[in-house]
Every structure is written in C-alpha cells, then in structure tokens.
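Data first, discussion second: the structure below is written as structure tokens.
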Number of protein chains: 2
Amino acid sequence: MATVRDVAERAGVSIATVSFVLNGTKPVTAATRNRVESAMSELGYHRNVLARALAARRTRIIALAHPRLDNGFGSDFITSASRAARARGYHLVLWPVDNDSDEIGELIGQGLVDGVVLMEVLLEDARVEALLAAGTPFALIGRTADPAGLIHVDIDFDQSMSDALDHLQELGHQDITLITATQPLPEYGPKVRSEAAYRRLCAKRGLRPFLLECEPTVAAGRAIQLPPGTTAVILMNELAGFGLLSQLAGAGIDVPADLSILSFGSPALAPIAEPQLTIMRAPGAILGTLGVDALIDHLETPGPTPPPQLHPCTLEPGASTTLRR
Amino acid sequence: MATVRDVAERAGVSIATVSFVLNGTKPVTAATRNRVESAMSELGYHRNVLARALAARRTRIIALAHPRLDNGFGSDFITSASRAARARGYHLVLWPVDNDSDEIGELIGQGLVDGVVLMEVLLEDARVEALLAAGTPFALIGRTADPAGLIHVDIDFDQSMSDALDHLQELGHQDITLITATQPLPEYGPKVRSEAAYRRLCAKRGLRPFLLECEPTVAAGRAIQLPPGTTAVILMNELAGFGLLSQLAGAGIDVPADLSILSFGSPALAPIAEPQLTIMRAPGAILGTLGVDALIDHLETPGPTPPPQLHPCTLEPGASTTLRR
DNA sequence: CTGAAAGCGCTTACAG
DNA sequence: CTGAAAGCGCTTACAG
C-alpha cells in the first residue's frame with residue numbers, strides 16, 4: 001500500500017502538501033496539486049483511515065447501538081443508515097448492546113467512534129446517561145420521556161394517528177377502536193405516545209375512544225373482542241391483526257364491508273392479508289438517513305441541538321378500509 | 001482519557017510493560033502486573049483501539065458487505081454476526097456495496113478492516129475477485145460457482161432438501177412439486193442448488209420431479225397451476241405460498257388434507273398462514289456466527305482454508321403437512 | 001504557497 | 001522480567 005510518503009516523493013513535495021491536497025485544508029497551487037494528484041492515481045493511493053483518525057482525533061466512524069434488530073423497521077433502517085454514513089464518508093459499526101450503561105461505556109472508551117446512533121430508545125434509557133456522562137455525541141432513534149436538548153428523530157405519532165383517523169373519518173367512521181400490543185417493557189415510547197395521541201385526538205374530534213391491547217400473536221388476535229358498535233379498527237399489532245382477520249372471517253364478518261381495518265405495519269405483510277391491508281407504513285428508511293445525517297451534521301458543525309426530526313407514517317391504501325355502511 | 005503513559009507513570013513502569021500486561025505478550029511478574037492493573041482501574045483506562053490497530057497492523061475490525069438487507073435472514077444474521085464479532089473483541093462495520101469490484105476495492109484500500117464477510121454471494125461475484133486481488137481475507141455467506149479454496153458458510157441445500165423430502169415421504173407422499181421463485185439475477189445460488197438437489201434426490205429415490213417457478217408475489221401464487229396428481233408441495237417462494245393457500249381455499253381444496261405444503265421460510269410468517277405452515281427454517285443466526293468466527297479464526301491463525309461450514313434448515317412442524325390420504 | 005517536525009496512543013523488535 | 005526507542009501513517013500548528 002502506498003503511503004503519503006510515497007506520494008510526496010513521487011510528486012516532489014512534502015508530506016504536508018500531500019495532506020493539504022488530500023483534505024483541501026490549505027491553498028495549494030494548481031501545478032502542485034496536479035503533480036500530487038497524478039502521483040496518487042499512479043500509485044493507486046488510498047489514505048489510511050486509521051492513521052488519519054488517530055492524527056486528526058476524529059475517526060469518522062459512528063456506531064449504531066441496537067439491543068436487537070428483529071423488530072419493526074430493522075432491515076430498512078440499517079440499510080439506509082449505512083448508506084447515509086457512507087455517502088458522507090463515514091463508516092458505521094454495529095454495537096449489539098443491551099440497555100446497559102456499562103456495556104456502552106466500555107465501547108465508547110475504546111475511542112473508535114465519534115458518535116453513536118441509538119436505536120430502540122426507551123423512555124428511561126441507561127445508555128443515554130452513559131453517553132451524556134462520556135460527552136459522546138449521539139442521536140436517538142425514538143425519544144426518552146424528556147428528549148429536550150437531545151438530538152433525536154422519531155416517528156411523528158401525533159401526525160400519524162391524525163392521518164389514520166382522518167382516513168377513517170373521511171370514510172364515515174366514528175366508532176374507531178385502537179388495538180395495541182402488550183409490551184415486555186412497560187414504558188415503550190411508541191405505544192405510550194400513540195395511545196396518548198389517540199386519546200387527545202378523539203377528545204378533540206368528539207370521538208369516543210376505545211382502547212384494547214393484546215399480546216402480539218395471531219392467537220391473541222383471534223380472541224379479540226371488539227367493543228360493540230365498532231366500525232373501524234386502528235391496529236398497532238400486526239400479528240394480532242392476522243388473528244383478528246381470521247376470527248372475523250370465521251364469524252362471517254366481512255372486511256371491509258362490515259369492519260374497516262387500518263394497520264400500522266410493514267408493506268411486506270400487507271399483501272399477505274385477505275383483503276390486502278390498508279397500512280400506515282413506518283418511515284424506517286427515512287429515519288435511518290435522518291438519524292445518521294443529524295448526528296454527522298452535529299459532529300461536523302457543533303452548535304445548539306438541532307430540532308427533532310419527526311416523520312409520520314405513510315398511508316398505503318389496501319382493500320381493508322371502506323365507507324361505513 | 002487516560003493513556004498508556006498515564007498508566008505507566010502511575011504504576012512506576014515503562015509503557016512497554018503496560019502494553020505487555022494489556023496484551024499478555026510477554027511475561028510480567030505478579031507484583032508488576034498488579035501495580036499496572038490497579039493503575040488501570042484507578043484511572044478508568046481503556047485502550048485506544050485506533051492506536052493499537054495502527055501500531056499492530058491489525059485493526060480487529062471486520063466488514064459485513066451487504067448489497068441489500070431486505071431479503072431472507074437479514075436481521076437475524078446481522079444481529080448474530082455483530083454479537084459474534086463483539087464476543088471475540090472485534091468490531092463489525094457495515095459496507096453497503098453492490099456487486100461491484102471498484103466500490104469494494106476502494107473500501108478495502110482504506111485499511112480499516114482486517115477482513116470481510118460477504119453476504120448475498122452470487123455464483124459469479126466481482127467482489128470476490130476484488131478481495132482476492134487485494135489479498136484481503138474474507139468469508140462468504142453463500143457460495144460462488146466454484147468455492148473451492150474460499151472460506152465459506154452456507155445453507156446445506158442438499159441436506160435441507162433431503163430432510164424436506166424425508167418429511168413428506170414419511171407421510172406417504174410421492175408426487176411432490178417444488179415451487180421456486182423467479183429471480184432477478186439468473187444465477188442465484190440457493191435456487192440453482194436447491195433445484196439440483198431436488199432433481200438428484202428425486203432420481204435417487206425414484207420420485208418423479210415436478211418443478212415450477214413463479215414471481216415472488218401473492219398474485220403469482222394465486223395463479224399457480226399444480227401438476228395433476230401432486231399431493232405435496234415444497235415451497236421456496238414464501239409470498240407465492242400465501243397466494244397458493246388462498247387459491248386452494250377458494251377452490252375448496254383442503255390443506256393439509258388434500259395437499260401438504262412444506263415451506264422454506266421464516267418463523268415470522270408461518271403462524272400467519274392458515275393453516276400454520278410447516279417450515280424449513282433458514283439458519284440465519286447460525287450462519288452469522290459461523291461466518292464471523294470462521295473469518296476471525298483465519299485472521300488469528302492463518303493456515304489452509306478451513307472446510308466449508310454447511311448448515312441445514314430446520315424442520316418446524318406446523319399444520320400444513322399431513323399423511324397422504 | 002510549502003516544508004520540517006512534533007505528535008496522535010499504541011506495539012514491538014532490540015538490549016540488557 | 002523490564003525499558004528506551006523506533007515506528008505505524010497520517011494531521012497540524014509553526015515557520016518561512
């Protein structure tokens with residue numbers, strides 16, 4: 001592998017000059033620049049990111065801390081996050097850490113990364129404390145209970161719920177039940193915020209709120225007992241949704257003629273349902289890009305905390321919602 | 001952040017000695033070791049991985065090169081791969097690269113990683129050539145057309161297909177149709193190998209082979225025309241499977257009474273189907289661990305190419321297969 | 001605009 | 001068993 005020294009020698013300049021053209025950090029005459037650039041391409045020079053990082057005290061590596069990946073928008077998110085990082089000349093390392101301050105503290109101490117993107121943020125999150133204590137810049141995917149002053153991107157649950165209700169109300173529905181999933185951890189942000197948004201919007205719109213929750217399984221969905229009078233359902237429990245569909249089919253209740261279903265879920269599963277589900281699609285890929293960009297922006301031009309980036313889910317019409325009869 | 005220098009000073013030794021106890025590379029008396037270790041813990045010392053990497057010419061970072069993640073065992077695989085790396089003291093960086101030799105060549109040139117795990121390997125893969133040319137160690141998840149001499153881990157398609165046929169034959173089936181998915185790229189290893197295994201095993205077992213393929217969509221599944229006489233189906237096309245189930249239900253054909261279905265697929269989707277699908281589950285998490293471990297083993301003790309690690313899918317009984325009537 | 005030199009925080013021959 | 005010193009491949013004040 002060629003080094004700056006090789007390039008400098010071939011171009012007849014000092015290694016400092018090579019560095020200046022490499023980084024554009026100081027003015028260099030066109031002639032010198034050309035000599036350096038041809039030397040680089042002739043030698044197939046690639047700068048060593050490790051040495052650069054050590055000397056510059058900036059690694060241009062960021063971590064994606066993920067307790068687990070099996071949920072929600074996992075794959076989309078990761079693909080877009082790693083692409084976003086690469087697009088800005090950064091590398092993304094994966095840190096499989098639990099919500100544990102020691103574990104992340106140890107990782108931070110290694111000095112490998114300039115910042116951290118935190119997935120699966122809890123309302124109370126020990127990792128956030130560790131990051132704050134270490135002075136390591138970070139961006140949250142999701143939000144703690146009080147995210148003021150923290151860089152974060154998240155689903156806009158208010159807007160999403162509003163859009164969901166709009167869709168159903170435009171179809172004439174007024175008795176709309178919200179079905180969520182029982183969570184292993186009590187304080188799960190998306191659920192808490194969605195329920196709050198639903199309650200608030202119902203009050204504001206003069207709708208009677210019906211909230212239900214069940215385990216995220218097909219079997220639990222089969223056992224759902226909808227409140228009498230319900231003509232539409234907002235689902236935040238994809239698996240139970242399939243159970244519910246099966247239960248309804250068995251009972252001769254037609255979807256959407258008798259009951260409209262709007263499901264917060266993934267486009268992968270929607271076409272499997274019968275009828276194909278109308279979904280509110282989570283902006284996984286968008287959040288990946290926003291989170292990484294927000295962090296890198298902050299790393300490159302530190303300043304006051306940028307405003308949160310909240311992005312709503314997108315309505316993707318299927319065949320499971322229709323006019324109330 | 002404390003450095004080796006701080007530790008050395010506090011312990012009253014040289015930085016070399018600190019390094020020796022850090023790495024266990026040279027014998028150190030118990031007394032000295034103790035002094036160094038207490039100094040380290042008192043200072044909350046963490047070794048800087050960048051500096052170590054630069055000095056030792058080994059970064060202990062490996063890359064996971066992934067064209068896209070949306071397919072197959074994506075999330076499971078990545079989670080297990082990143083855990084496996086961490087368990088061995090390595091970091092895993094994500095490289096979102098297409099099957100393009102330039103792109104991966106540029107990334108390798110940066111000197112960030114000791115080796116690469118390659119996902120989504122094609123029968124002819126430009127990235128493999130680039131890696132070979134650069135002399136960068138790598139492990140394949142999947143296989144090229146001729147993987148001899150390359151470290152690789154993959155699904156054992158022969159064994160998996162054999163297990164699938166065993167299951168169905170034990171239930172009395174002899175007319176077994178294999179349904180695969182049309183691929184965007186012509187030479188897709190899993191499909192090619194599965195079909196070959198199916199053909200070979202049918203011949204060996206005196207079964208008549210029926211092969212079908214269709215687009216990986218629910219709609220395509222609805223349009224499948226099974227060969228007359230088929231009593232069981234092996235599906236390697238999950239989405240089409242749902243379409244097929246729907247088609248059969250509409251035609252009054254009972255699964256599994258009239259037709260058994262064994263699907264190579266994910267445990268996430270199996271319970272959604274009605275009846276719940278009997279599946280051959282891809283060993284995504286296992287391959288993640290095996291791939292990373294194989295690469296790191298080779299990095300730490302170079303030697304002849306270790307034998308390929310082939311791991312079969314696991315039969316997970318559902319309610320979609322039963323005795324032939 | 002360009003260069004000589006120090007330094008980032010480690011590891012590793014080489015000596016003793 | 002321990003230490004002094006060189007060096008990994010860069011960046012960045014500091015001078016000129």
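Chain naming here is simple, since letters A, B, ... match the order of the sequence lines and numbering starts at 1 in each. Everything numeric in this text was worked out from a predicted model, so none of it was measured.
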Using the closest heavy atom to pick a nucleotide of DNA chain C for each, name whichever of Arg57(A) or Lys26(A) lands nearer the 5' end.
Lys26(A)

Which part of the nucleic acid, if any, lies within contact of Val49(B), taking any heavy atom under 4.0 Å across all strands shown: a base, the sugar-phosphate backbone alone, or nothing?
nothing

Hey, does Ile15(A) reach any base, or is it just sugar-phosphate, or nothing, if we go heavy atoms under 4.0 Å?
base

Please check: side-chain N/O of His298(B) versus main-chain N/O of Ile296(B), any donor-acceptor pairing under 3.5 Å?
no

Does any donor atom in the side chain of His91(A) or Gln110(B) lie under 3.5 Å from an acceptor atom in the other side chain?
yes

Ionic contact status for Arg127(B) with Glu103(B), cut-off 4.0 Å
no

Quick check: closest heavy atoms across His46(A) and Gly105(B), and the distance to 0.1 Å?
NE2-O, 4.4 Å

Does the side-chain contact (heavy atoms from CB on, under 4.5 Å) test come out yes or no for Thr29(A) and Arg33(A), once each step is laid out?
CA-CA 6 Å; Thr29(A) 51; Arg33(A) 176 192 318 286; over 6 Å; no

How about Glu300(B): does its CD atom have over 12 heavy atoms from other parts shown lying under 6.0 Å from it?
yes

Contact boundaries on DNA chain D for chain B, cut-off under 4.0 Å to non-hydrogen atoms
dC1(D) to dG9(D)

Does one side chain, of Asn34(A) or Ser38(A), offer a donor that lies under 3.5 Å from an acceptor on the other?
no

Start at the 5' end of DNA chain D and walk down; is the nucleotide closest to Thr17(B) or to Arg52(A) reached first?
Thr17(B)

Give a yes-or-no answer on whether the side chains of Asp114(B) and Thr59(B) include a donor-acceptor pair shorter than 3.5 Å.
yes

Tell me the stems DNA chain C sits in, counting at least three consecutive Watson-Crick or G-U wobble pairs, each under 3.5 Å on both distances.
C:1-3 with D:14-16, C:5-12 with D:5-12, C:14-16 with D:1-3

So what does Ala56(A) hit on the nucleic acid, given a heavy-atom distance under 4.0 Å: a base, only sugar-phosphate, or nothing?
sugar-phosphate

Classify Ser19(A) by what it touches in the nucleic acid, base, sugar-phosphate, or nothing, heavy-atom distance under 4.0 Å.
base

Taking the nucleotide of DNA chain D with the nearest heavy atom to each, does Leu54(B) or Leu22(A) sit closer to the 5' end?
Leu54(B)

